[in-house]
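Single-structure report; data block below.
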2 protein chains.
Amino acid sequence: MTVTLADVAARAQVSPATVSRVLNGNYPVAASTRERVLKAVDELDYVLNGPASALAAATSDLVGILVNDIADPFFGIMASAIQNEIGGPGGRAGGERLAVVCNTGGSPERELTYLTLLQRQRAAAVVLTGGAIEDPAHLTAVGNKLRKLADAGTRVVLCGRPPTPEAIAITFDNRGGGQLLTEHLIGLGHRRLGYIAGPEERTTTRHRLEGHRAALAAAGVEDDPRRTVYGRYDRLSGYEATLELLRRDPTLTAVVAANDTVALGACAALRDSGLRIPDDVSVAGFDDLPFSIDAVPALTTVRLPLAEAGARAGRIAMGREEAPPGGIATVRGELMVRGSTGGPREA
Amino acid sequence: MTVTLADVAARAQVSPATVSRVLNGNYPVAASTRERVLKAVDELDYVLNGPASALAAATSDLVGILVNDIADPFFGIMASAIQNEIGGPGGRAGGERLAVVCNTGGSPERELTYLTLLQRQRAAAVVLTGGAIEDPAHLTAVGNKLRKLADAGTRVVLCGRPPTPEAIAITFDNRGGGQLLTEHLIGLGHRRLGYIAGPEERTTTRHRLEGHRAALAAAGVEDDPRRTVYGRYDRLSGYEATLELLRRDPTLTAVVAANDTVALGACAALRDSGLRIPDDVSVAGFDDLPFSIDAVPALTTVRLPLAEAGARAGRIAMGREEAPPGGIATVRGELMVRGSTGGPREA
DNA sequence: CACTAGATAGAAAGCGCTTGCTGTCACGCT
DNA sequence: AGCGTGACAGCAAGCGCTTTCTATCTAGTG
């Protein structure tokens, strides 16, 4: 039924070993023989049996990319960049690797499940993107998994994740970015800033919030805990949180959101409340996703070099770039000041 | 080094066959034996060797999802829905399937490469999303591949793709949607409509444009080819195309975009040209991605039930839902009239 | 011209798992 | 008591490929 290596060998009048060597290109094969084999492969329309090959060679060409939310461009952009570096040539002949993205949906269990599945497939490499969940049990579990993967020869790289001892990491300076943003707002004269945080248990959330608070503290601005609301990383969450913030303190002059998507929701809530941006209330986001420039007014935010970081992580995962010193590279965000922030009302 | 089935068997004092049967749960094993085995598995921290298992059983638990652009929420939303239906339980014991998304970047070669890679892995199922490329050679190549995959037992499902004889398809009625949109605009009184199409060789592009033209024809509105510009499915393309349309005919009263992202670019171009939306020019998008409601004014568009379609495709791929009659299900879009469209200037 | 090294090709032993077929018991019938 | 019958468990034969070790042949060398 299906064509096997042996069939090709028979057709090309060589041994299976030779066919394998032609296909893998890591052993001298006479040009004439090679041609004969390739011809047979072509004629029979032979497709290598991946599992068999992986079993015999004890390695596979599968590379996994874990993301928290595949519908979120934040992850899409990184994943795309990673895949670009991996999908290409380089590696075993036949050349291609199967770079696949796995959507955890932010669930710790699914993250672990995917890791196990990839371990099961003897993946060549795994890249984990996005913030981690700060549950100690889960952290240990993931750490163990990563160590086991690494022990089994899988290259593990983190991208936009806090560093861990188990893997090489490209990390975003979320704390610094958050600080930059709030400094900017304070510099404009704001003193009553609402903060819409992401899910409480995520590192990204915590770091950005820490930056925000650091900026407040540095400027001697009181940090009323009632001005912080936790939510999800989505638009609706931003909308609702803004309404809540406004309810708690109608005199707010600025809202800092956990990310751009949340900021968009905030803008909508503000508009629906009859407030103008930035005249009445300034709004700031985070990430600088493509759509933020299209908000009206355009969103002030912190640009994270998602594509660059992803590409680098991908290259490291493929062993095409050296790991950063200490196994950790921190990438800073850049403040993008746009129309959504301005001086406070009473200026 | 790595724990194998045999190790577990030794520890549990049973044969490897029994361990395998416990793990696969498709053969009677006495409860006490099962427990002993499970305990050994746990103690040894055994992880099944996927390739070996796939080789022996001649099937794998890999499911591939092909998307054109993973950074585009259009695909992200579908992929997420598909993965949700697949990742869950059901299937071989151990239960989980490895649902992975592959990013073709819209390139025909990569599409084919991924298909081959998936074939090589003996994937359990493959779901192709998004429009196809209308190059006959490529179409045949993909068709052949799909047939081979199907012959090898891989379930193939198309989601948001035009139907082909080789697979079950959930298709979007892009033509109907395009028509709806343009009818709406014509109904408002518009007669000079610019159209920003996607890449010329994609089915999605063609179908939406056909719908647009059908609406024009039905209303007896002249269809000046100079009012149509082709581009990519991204924001910048929308921006540039709009400028071009304006150059060609400054009296345009409406712009219909290939999708929401393009529409956002169009809005920006219009604003930068000093035109108000919808007072001076109306704008319409397509897809109703989450951010379209946050555009200012909110985008009139055609909502496509991406998540529903994806979920259905996923279920069909897993054999958990019957294929639609004839192997084809067409899903209609729903016109969402919002603030970005209104009566024309001179009304 | 015998001899060795280099270049190729093949034989064969697995890689770790699944599964058809063959036992082995312990029951429950007649 | 004799036996058919389930219910389990184990044997062993692969699945299709890679790779080590060996065999063969050619060509270069002193």
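In what follows, chains carry the letters A, B, and so on, assigned in the order in which the sequence lines appear, proteins first and then strands, with residues in each chain numbered from 1. Computed from a predicted model, the values in this text were never measured in an experiment.
- Here the P atom of nucleotide dG14(C) and the CG atom of Asn49(B) are 18 Å apart, to the nearest Å.
- Going from atom OG1 of Thr4(B) over to atom CG of Leu44(B) covers 9.5 Å, rounded to the nearest 0.5 Å.
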side-chain contact (heavy atoms from CB on, under 4.5 Å) assessment of Thr171(A) paired with Leu158(A): CA-CA 8 Å; Thr171(A) 308; Leu158(A) 309 181; over 6 Å; no

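- Remark: P of dC17(D) and CG of Asp61(A) are 14 Å apart, rounded to the nearest angstrom.
- Here the nucleotide nearest the side chain of Thr18(A), chosen from dT18(D), dG16(C), dA9(C), is dA9(C).
- When distances run from any side-chain atom of Tyr46(B) to the nucleotides dT8(C), dT18(C), dG16(C), the shortest one goes to dG16(C).
- For the pair Asn26(B) CG and dT19(C) P, the interatomic distance rounds to 6 Å; values are reported in whole Å.
- Between the CZ atom of Arg122(B) and the C1' atom of dT18(C) there is a distance of 17 Å, rounded to whole Å.
- In this structure, the CZ atom of Arg34(A) is 14 Å from the P atom of dA7(C), given to the nearest Å.
- Atom CG in Leu23(A) sits about 13 Å away from atom P in dT19(D), given to the nearest Å.
- One atom, CG of Leu44(A), and another, P of dG16(D), lie 15 Å apart when rounded to the nearest Å.
- Taking the side chain of Leu55(A) as heavy atoms from C-beta on, and the options dG10(C), dC17(D), dG16(C), the nearest nucleotide is dG16(C).
- Screening Gln121(B), Lys145(B), Glu111(B) against Thr116(B) for a side-chain hydrogen bond (donor to acceptor under 3.5 Å, both in side chains) leaves a single residue, Lys145(B).
- For the pair Thr4(A) and dG16(D), the criterion of a side-chain N or O lying under 4.0 Å from OP1 or OP2 is not met.
- With rounding to the nearest 0.5 angstrom, the CZ atom of Arg120(B) is 14.0 Å from the OG atom of Ser60(B).
- Looking at Tyr114(B) and Leu98(A), their side chains come closer than 4.5 Å, going by heavy atoms from C-beta outward.
- Ranking dT18(C), dC17(C), dG16(D) by closeness to the Ser20(B) side chain, first place goes to dT18(C).
- Proximity note for Ala17(A) (side chain, C-beta onward) versus dC17(D), dA9(D), dG10(C): the nearest is dG10(C).
- Of the candidates dG16(C), dT18(D), dC17(C), the closest approach to any side-chain atom of Leu48(B) belongs to dC17(C).
- Distances shown here put a side-chain N or O of Ser53(A) below 4.0 Å from the OP1 or OP2 atom of dT18(D).
- Counting any heavy atom pair closer than 4.0 Å across all strands shown, Val19(B) reaches no nucleic acid atom.
- Val67(A) has its side chain out of reach of Phe74(A): every pair of non-hydrogen atoms, C-beta onward, lies at least 4.5 Å apart.
- Remark on DNA chain D: of its neighbouring residues Thr33(B) and Ala52(B), the 5'-side contact belongs to Thr33(B), judged by nearest-heavy-atom nucleotide.
- Counting only heavy atoms from C-beta outward, the side chains of Asp135(A) and Glu201(A) never approach each other to under 4.5 Å.
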Distances for protein N/O vs nucleotides 21-26 of chain D N/O pairs under 3.5 angstrom?
none

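- Within 6.0 Å of the CD atom in Glu43(B), the count of heavy atoms belonging to other residues, nucleotides or ligands exceeds 12.
- Remark: P of dT8(C) and CD of Glu35(A) are 14 Å apart, rounded to the nearest angstrom.
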